[in-house]
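Below is one structure, written out as structure tokens, with a few remarks after it.
In what follows, every heavy atom counts, from backbone to side chain, and hydrogens, waters and symmetry copies are set aside. Chain letters run A, B, ... following the sequence lines, proteins first and then strands; every chain starts at 1.
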Number of protein chains: 2
Amino acid sequence: MDRGPTMIDVAEAASVSLKTVSRYVNGATNINPELAERIREAVQTLGYRRNLAAASIRPGWTSRMLGLIIGDLGNPYYSTLARGVEREVHARGYILTTASSDEDATRNDELVDRMLEQRVDGLIIVPPYTGGRSWADLPPPLPPRVLVDRPAPEGGGYTVLADNAAGAARAVELLVQEGATRIAFVGDSELISTMAERRQGYESALQAAGIAADPALVDHGVHTDEQAEQAVERLLADQGADAVFAANNRASIGALRAFRARGERVPLIGFDDFESAELTSPATTVVSHDIARMGAIAAQTLLTLIDGDEPAALTTVLPVALRRRGSERAAR
Amino acid sequence: MDRGPTMIDVAEAASVSLKTVSRYVNGATNINPELAERIREAVQTLGYRRNLAAASIRPGWTSRMLGLIIGDLGNPYYSTLARGVEREVHARGYILTTASSDEDATRNDELVDRMLEQRVDGLIIVPPYTGGRSWADLPPPLPPRVLVDRPAPEGGGYTVLADNAAGAARAVELLVQEGATRIAFVGDSELISTMAERRQGYESALQAAGIAADPALVDHGVHTDEQAEQAVERLLADQGADAVFAANNRASIGALRAFRARGERVPLIGFDDFESAELTSPATTVVSHDIARMGAIAAQTLLTLIDGDEPAALTTVLPVALRRRGSERAAR
DNA sequence: TTGTACGCGTTATCAT
DNA sequence: ATGATAACGCGTACAA
């Protein structure tokens with residue numbers, strides 16, 4: 001099998017030593033222009049291509065590869081996050097290997113192992129919901145790591161988060177202000193820290209409004225659009241909910257489906273924006289944050305660590321904004 | 001800097017030769033159980049981790065890394081595609097380095113170079129709209145490559161596509177059937193082959209229906225939601241369009257926005273499904289194909305090539321389905 | 001079955 | 001400024 005021309009071939013073709021070629025390829029300045037020209041020519045005619053894998057095994061050298069592990073690349077939320085990371089790291093000459101953990105701790109651990117074996121220079125991870133190995137249990141040496149969207153189950157580490165509790169509280173506050181008293185909470189498992197925080201924001205806003213929280217109005221078992229639709233249908237029919245706080249975009253979409261199927265809607269506010277929130281009737285009000293920016297900040301934090309510098313903060317909490325579009329009001 | 005324990009360290013700790021450790025790590029069977037146990041122990045206590053980068057430079061060994069270059073990871077269309085690819089290659093033990101070209105040929109070429117230098121075992125590429133370097137101009141050795149979603153500008157190579165012309169024709173056919181005679185075409189640049197094909201399907205369906213194509217009803221200058229909104233507004237107001245064929249999901253969303261702003265809609269069919277097509281009123285009819293499957297097939301084709309086998313087809317064309325939801329009918 | 005010695009493509013040391 | 005040579009971590013002839 002042809003492995004392509006190497007530096008040695010280039011050196012021979014240019015009648016120059018190996019080291020000089022290495023210098024040339026790495027952009028060293030102190031090279032005789034005449035030799036440089038010979039090398040350039042040899043590189044051109046031979047079609048020489050650097051072997052970064054070989055270079056990276058040298059002491060002091062790195063792969064200039066970063067790893068990103070998220071829940072599901074197919075989910076627009078995560079792909080937007082990935083895009084934010086990508087922009088930042090590409091600008092610095094890194095390439096990104098991306099992988100989906102499917103929120104499975106074992107899968108996540110396997111991916112981490114694989115990327116460590118591949119000798120990535122750093123890792124950005126959205127920790128899976130629960131379980132899995134603690135970072136501290138891994139044998140050194142370990143590259144820098146930054147957590148995004150959720151803190152690590154075991155805590156600790158550089159982390160970039162959204163202000164989930166405040167966002168949820170803000171949403172519930174507005175629903176109360178619009179006259180709702182029985183506000184349903186529809187979301188994913190409480191084991192996910194973002195969900196726990198949103199739930200907490202929901203509770204505290206109710207408390208602040210002097211409304212007793214009714215556990216029957218809360219559904220934490222929603223993983224898909226379909227489950228969300230059923231949950232909302234049930235909460236409307238059986239629990240007399242007079243407003244819905246949808247704790248993620250799947251829940252929002254499920255709620256909208258339930259409204260449509262029922263031919264009747266109640267005030268709704270969702271967490272996280274979604275592509276066509278403005279196209280629904282009425283347009284859907286959401287609390288949301290800049291996901292791409294969250295990714296970019298995580299990337300910046302990681303690159304700072306790789307440079308050996310100290311990031312500004314151990315935990316960065318991003319603000320959440322209310323995008324008021326109409327769905328928070330009662331029908332008609 | 002600590003580079004971590006190597007095979008040599010493990011061999012010493014287990015009082016065994018380097019080669020035996022190598023055998024153990026690579027899962028060879030013919031190993032003295034006693035030595036294997038000693039090695040296992042040493043690996044454990046030392047926290048040994050394989051260095052895949054070092055292994056990959058050996059002759060006959062590969063990086064077990066694949067490269068994926070798409071237009072924009074942030075676009076749900078491409079992230080779904082990426083997810084499809086990911087599923088397939090992970091199952092085979094490969095990791096995926098993903099990158100966005102932003103449809104820029106130069107950027108695309110840079111990314112290709114970078115991945116070749118990183119010695120990926122194969123490449124899956126959504127070719128940028130136009131220009132750039134021909135694959136044939138690259139010096140060998142080159143890993144296998146598969147094109148997805150669009151053929152290479154220079155033609156050739158293994159390619160996986162959707163049946164764009166048929167899909168577009170199907171959509172226009174239905175709009176005609178519903179009574180439309182002045183159907184607007186709203187899409188991105190004709191330089192993109194998918195767009196050219198959809199345009200062609202649009203034309204041929206009109207012709208088949210005996211309707212003269214009016215170039216004034218065609219807008220190929222739409223790259224964003226906003227531009228699509230403006231284009232549709234203009235086509236409705238100035239050109240008397242009585243239906244809209246939106247040639248991609250950005251165009252669909254722009255059309256829906258325009259309808260909303262105008263307070264008046266006309267029959268609409270879009271190309272490519274989008275997250276909340278079912279939530280609009282009426283629900284949006286689209287022609288679409290299984291994007292994740294397209295990615296999976298591209299991945300399978302690539303893996304077949306990597307195995308040294310011959311893929312079943314040089315070009316695979318995936319069927320497009322009509323999802324009828326209501327928006328193809330006239331208002332009220 | 002196990003070990004020795006070498007090569008993979010690159011960069012760094014050190015002498016020239 | 002340039003070149004000979006030694007690593008880097010690993011897998012494989014080939015010998016034992």
Side-chain angles (χ1 to χ4, degrees), chain A residues 1-40 42-43 46-65 116-121 139 141, chain B residues 1-39 42-43 46-65 116-121 139-141:
Chain A
M1 187 185 11
D2 178 18
R3 308 187 34 84
T6 74
M7 272 193 181
I8 298 182
D9 301 325
V10 175
E12 282 177 359
S15 311
V16 165
S17 93
L18 180 58
K19 178 56 190 167
T20 308
V21 177
S22 174
R23 280 211 193 78
Y24 173 85
V25 168
N26 290 333
T29 55
N30 50 348
I31 291 183
N32 184 323
E34 194 175 325
L35 296 191
E37 172 55 21
R38 290 222 301 270
I39 295 172
R40 197 198 54 72
V43 164
L46 262 49
Y48 169 74
R49 192 151 38 219
R50 288 184 298 174
N51 185 330
L52 259 30
S56 73
I57 75 170
R58 306 291 345 276
W61 276 67
T62 63
S63 62
R64 292 197 82 77
M65 282 176 37
L116 291 178
E117 290 180 348
Q118 204 77 238
R119 296 299 195 263
V120 295
D121 292 345
Chain B
M1 187 183 14
D2 178 19
R3 311 193 24 86
T6 74
M7 272 194 181
I8 297 181
D9 300 325
V10 175
E12 283 177 0
S15 308
V16 163
S17 92
L18 179 60
K19 175 55 192 168
T20 311
V21 177
S22 173
R23 277 212 196 78
Y24 173 87
V25 168
N26 289 335
T29 55
N30 48 351
I31 292 182
N32 184 323
E34 193 175 326
L35 295 190
E37 173 55 21
R38 288 223 303 269
I39 295 173
V43 165
L46 260 49
Y48 169 74
R49 189 149 43 219
R50 287 183 301 172
N51 185 330
L52 259 29
S56 74
I57 74 169
R58 306 290 344 277
W61 277 67
T62 64
S63 62
R64 294 197 80 76
M65 283 177 36
L116 291 178
E117 290 180 349
Q118 205 75 238
R119 294 302 196 261
V120 294
D121 291 345

- [ ] Check the distance between D:dA7's P and B:Arg3's CZ and give it to me in whole angstrom.
- [x] 14 Å
Task: Gap separating the CG atom of B:Leu52 from the OG1 atom of B:Thr62, nearest 0.5 angstrom - done: 9.0 Å
- [ ] Evaluate side-chain contact (heavy atoms from CB on, under 4.5 Å) for B:Ser56 paired with B:Arg119, printing each intermediate quantity in order.
- [x] CA-CA 9 Å; B:Ser56 74; B:Arg119 294 302 196 261; over 6 Å; no
TODO: Grab the CZ-C1' distance between A:Arg64 and C:dT10 for me, whole Å please.
DONE: 16 Å
Open item on the list: So, taking the atom named CZ in B:Arg38 and the one named CD1 in B:Ile31, what distance separates them when rounded to the nearest 0.5 Å?
Closed with: 12.0 Å
Task: Rounded distance in Å - CD (B:Glu117) to P (C:dG9) - done: 15 Å
TODO: Select one nucleotide: of C:dG3, C:dT1, C:dG9, the one nearest the side-chain heavy atoms of B:Val16.
DONE: C:dG3
Could you list the donor-acceptor pairs under 3.5 angstrom formed by side chains in residues 17-25 of chain A, with sequence neighbours left out?
from	atom 1	to	atom 2	distance (Å)
A:Ser17	OG	A:Lys19	N	3.3
A:Ser17	OG	A:Thr20	N	3.4
A:Ser17	OG	A:Thr20	OG1	3.3

Task: C:dT11 phosphate, OP1 or OP2, under 4.0 Å from A:Tyr24 side-chain N/O - done: no
Task: Atom-to-atom span, CG of B:Asp2 to C1' of D:dC8 - whole angstrom - done: 14 Å
- [ ] Check every atom of D:dG3, D:dC10, C:dT2 against the side chain of A:Thr20 and return the nucleotide holding the closest atom.
- [x] D:dG3
Task: Short side-chain to backbone donor-acceptor contact, A:Arg3 and B:Ile57, under 3.5 Å - done: yes
- [ ] Determine the minimum heavy-atom distance between A:Val120 and A:Ser63, stating which atoms define it.
- [x] CA-OG, 3.7 Å
TODO: Assign each of B:Pro33 and A:Pro5 to its nearest nucleotide of DNA chain C by heavy atoms, then name whichever residue's nucleotide is nearer the 5' end.
DONE: B:Pro33
Task: B:Ser17 vs C:dG3: side-chain N/O to OP1/OP2 distance below 4.0 Å - done: yes
TODO: Return the value, rounded to whole Å, for the distance between atom CD1 of B:Ile31 and atom P of C:dT1.
DONE: 10 Å
- [ ] Would you kindly give the CG-to-P distance between B:Asp9 and D:dC8, to the nearest whole Å?
- [x] 10 Å
Which protein N or O atoms sit under 3.5 Å from an N or O of nucleotides 12-16 of chain D?
from	atom 1	to	atom 2	distance (Å)
D:dT12	OP1	B:Trp61	NE1	3.3

- [ ] Could you check how far OH of B:Tyr48 sits from P of D:dG9, rounded to whole Å?
- [x] 10 Å
Open item on the list: For B:Pro139 versus A:Gly47, what's the shortest heavy-atom pair and its separation?
Closed with: CB-CA, 3.5 Å
Open item on the list: Between A:Arg49 and B:Glu117 (salt bridge meaning N to carboxylate O under 4.0 Å), is one present in this structure?
Closed with: no
Task: Close approaches to DNA chain C from residues 50-57 of chain A, in residue order (heavy atom, under 4.0 Å) - done: A:Arg50, A:Asn51, A:Ala54, A:Ala55, A:Ile57
Task: B:Pro5 versus B:Leu46, closest heavy-atom pair with distance - done: CG-O, 3.4 Å
TODO: To the nearest Å, give me how far apart CE (B:Met7) and P (C:dC8) are.
DONE: 19 Å
